[in-house]
Structures are given as structure tokens and as C-alpha cells.
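Everything below concerns the one structure shown next.
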Amino acid sequence: MGKDTMKLVANNKKAYHDYFIDEKYEAGIELHGTEVKSLRMGKCSIKESFVRIENGEAFAYGMNISPYEKGNIFNKDPLRIKRLLLHKSEINKLAGKMAEKGFTLIPLQVYFKDGRAKVEIGLARGKKLYDKREDIAKKDLRREHEREFKIRNL
């Protein structure tokens with residue numbers, strides 16, 4: 001009933017470094033047999049992946065789900081294009097946003113929610129080099145403050 005359990009499989013930390021994330025959406029992933037078993041074992045990488053909308057459907061490119069070791073001829077190509085399951089209204093909204101300049105869709109994390117494989121995709125705008133430097137400077141400053149606070153409270 002009200003389980004709402006979530007098991008994280010893969011996280012895309014690089015996305016937050018390279019992009020400004022404006023909106024997040026949850027989508028199901030259309031998987032075949034042994035891919036689910038491989039995902040349950042945590043064998044997934046979404047670092048180089050992206051999402052495209054074609055003919056009113058969303059597809060994830062470059063999402064690497066390693067072949068299941070105990071699998072056989074039924075193992076699929078690890079880099080095959082995977083269809084994402086979204087509502088038609090969400091796809092239309094995302095397609096409209098992507099038509100604007102500078103927007104892209106990227107997977108942020110892959111997880112299991114109530115036993116179903118889900119992917120969180122983010123509507124993102126690319127960061128310029130100076131934005132990345134600014135983020136790194138903020139992170140360093142925060143780390144420095146935490147260090148000083150820790151020393152002061154000893």
C-alpha cells in the first residue's frame with residue numbers, strides 16, 4: 001500500500017556541474033528482461049546520456065546498462081536506445097521547451113520506486129565556463145567556513 005520505497009541505482013553528479021536544472025520530471029523506462037536484473041545489481045551509468053523527443057516519444061540515448069552476468073542470448077546491447085514513459089502532455093510541454101534556445105533534457109538519476117525502474121530527467125540549460133568557476137568558488141568558500149566553524153567549536 002503506502003510503501004513509497006526508493007532505491008537509487010545511478011546518479012549524474014556531472015549534470016549539476018555542467019547545467020542549470022530548471023525543472024525535473026519522473027519517467028518510467030521501457031526495459032527488456034535481463035536489463036532489470038542488471039539495474040537491480042546497480043550496473044548502470046548515465047554520465048554521457050541525454051534525452052531526445054522524436055515523433056511524440058521520449059528516448060534516452062547513451063544510458064549504459066551493463067549486460068547481466070548470468071544472462072544468455074537474451075542480453076540486450078548495453079547502449080541501446082531506451083524509450084521513456086511519460087504522459088503525452090508532459091512530452092508536448094518538454095518538446096515546446098526544447099524548441100527554445102539552449103534547453104536540453106538530461107537524466108539526473110535512475111532508481112527503483114515501488115519495484116518499478118524510474119529515471120528523473122531534468123530540463124537543463126548549459127553553463128558557461130565562468131558559471132562553473134563561480135560554483136566551484138562558492139563550494140570552496142562554504143568548505144572553508146565549515147572548517148573554521150569546526151575548529152572554533154573544538
Side-chain angles (χ1 to χ4, degrees), residues 1-139 142:
M1 284 189 273
K3 290 188 280 186
D4 205 40
T5 54
M6 227 177 90
K7 180 189 171 229
L8 188 66
V9 176
N11 202 353
N12 191 355
K13 292 179 187 164
K14 189 172 177 255
Y16 292 98
H17 182 262
D18 292 342
Y19 300 96
F20 292 114
I21 310 298
D22 287 353
E23 295 177 42
K24 294 178 183 178
Y25 295 89
E26 182 181 74
I29 318 171
E30 186 181 272
L31 297 171
H32 294 282
T34 55
E35 287 179 323
V36 179
K37 292 182 179 185
S38 192
L39 258 188
R40 288 201 190 279
M41 294 175 71
K43 305 255 190 278
C44 178
S45 172
I46 55 173
K47 281 185 175 52
E48 300 297 318
S49 60
F50 59 95
V51 177
R52 248 195 216 142
I53 294 176
E54 298 165 358
N55 303 328
E57 293 183 323
F59 294 97
Y61 289 81
M63 184 187 286
N64 188 348
I65 298 178
S66 302
Y68 183 58
E69 296 108 41
K70 296 180 180 75
N72 47 20
I73 55 167
F74 299 113
N75 276 343
K76 297 286 183 187
D77 174 31
L79 287 171
R80 81 175 178 82
I81 300 163
K82 292 150 191 75
R83 188 162 67 124
L84 299 182
L85 309 171
L86 286 159
H87 290 283
K88 194 61 108 181
S89 59
E90 287 178 316
I91 291 174
N92 292 337
K93 184 179 175 186
L94 289 172
K97 290 274 191 177
M98 284 180 68
E100 292 178 31
K101 189 172 179 274
F103 277 110
T104 185
L105 281 172
I106 46 171
L108 301 174
Q109 53 184 224
V110 177
Y111 53 92
F112 279 97
K113 184 176 177 185
D114 295 334
R116 297 191 186 327
K118 302 282 185 183
V119 62
E120 183 179 59
I121 55 176
L123 187 65
R125 285 179 293 124
K127 282 186 181 178
K128 302 279 189 267
L129 188 60
Y130 57 84
D131 291 325
K132 292 180 190 178
R133 285 193 193 122
E134 195 176 291
D135 279 356
I136 292 168
K138 283 180 187 172
K139 211 177 280 181
R142 187 176 49 81

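For Lys14, the side chain to side chain contact (heavy atoms under 4.5 Å, CB included) criterion is met by Asn12, Asp18, Glu48, not counting sequence neighbours.
Here the side chains of Val51 and Val119 are not in contact, with every heavy-atom distance at 4.5 Å or above. Side-chain contact between Ile65 and Arg80 is absent, with no heavy atoms from C-beta onward closer than 4.5 Å. Put simply, the side chain of Tyr68 does not reach to within 4.5 Å of the side chain of Val36, judged on heavy atoms. Residues Ile21 and Ile106 are in side-chain contact: their nearest non-hydrogen atoms beyond the backbone lie under 4.5 Å apart.
Between Gln109 atom CD and Lys118 atom NZ the span is 13.0 Å, to the nearest 0.5 Å. If you take CG on Asn64 and NZ on Lys43, they are separated by 11.5 Å, rounding to the nearest 0.5 Å. To the nearest 0.5 angstrom, Asn11 atom CG is 11.5 Å from Ser45 atom OG. Within the model, atoms CD1 of Ile29 and CG of Leu84 stand 7.0 Å from one another, a figure rounded to the nearest 0.5 Å. Taken to the nearest 0.5 Å, the CD1 atom of Ile53 stands 10.5 Å off from the CZ atom of Phe59.
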Exercise for review: Would you please test Tyr19 and Arg125 for side chain to side chain contact (heavy atoms under 4.5 Å, CB included) and show each step?
Suggested key: CA-CA 5 Å; Tyr19 300 96; Arg125 285 179 293 124; over 6 Å; no

Practice item. For Tyr16 and Leu108, run side chain to side chain contact (heavy atoms under 4.5 Å, CB included): C-alpha distance rounded to whole Å, both residues' side-chain angles, the deciding distance at 0.1 Å, then the answer. Key: CA-CA 8 Å; Tyr16 292 98; Leu108 301 174; 3.8 Å; yes

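For Lys82 (side chain) and Met63 (main-chain N/O), a donor-acceptor pair under 3.5 Å exists by modelled atom type. Listed for the Lys7 side chain is a donor-acceptor partner under 3.5 Å among the backbone atoms of Arg40.
Of all heavy-atom pairs spanning Pro107 and Ser49, the tightest one is CG-OG, 3.3 Å. Of all heavy-atom pairs between Cys44 and Val110, the closest is SG-CG2, 4.2 Å.
Residue pairs that meet the ring pair (Phe, Tyr, Trp, His ring centres under 6.0 Å) test with at least one member in residues 38-58, sequence neighbours left out, are Phe50-Tyr61.
The number of heavy atoms from other shown groups lying within 6.0 Å of NZ (Lys139) does not exceed 12.
Put simply, the residue from His87, Met98, Glu23 that forms a side-chain contact (heavy atoms from CB on, under 4.5 Å) with Lys93 is Glu23.
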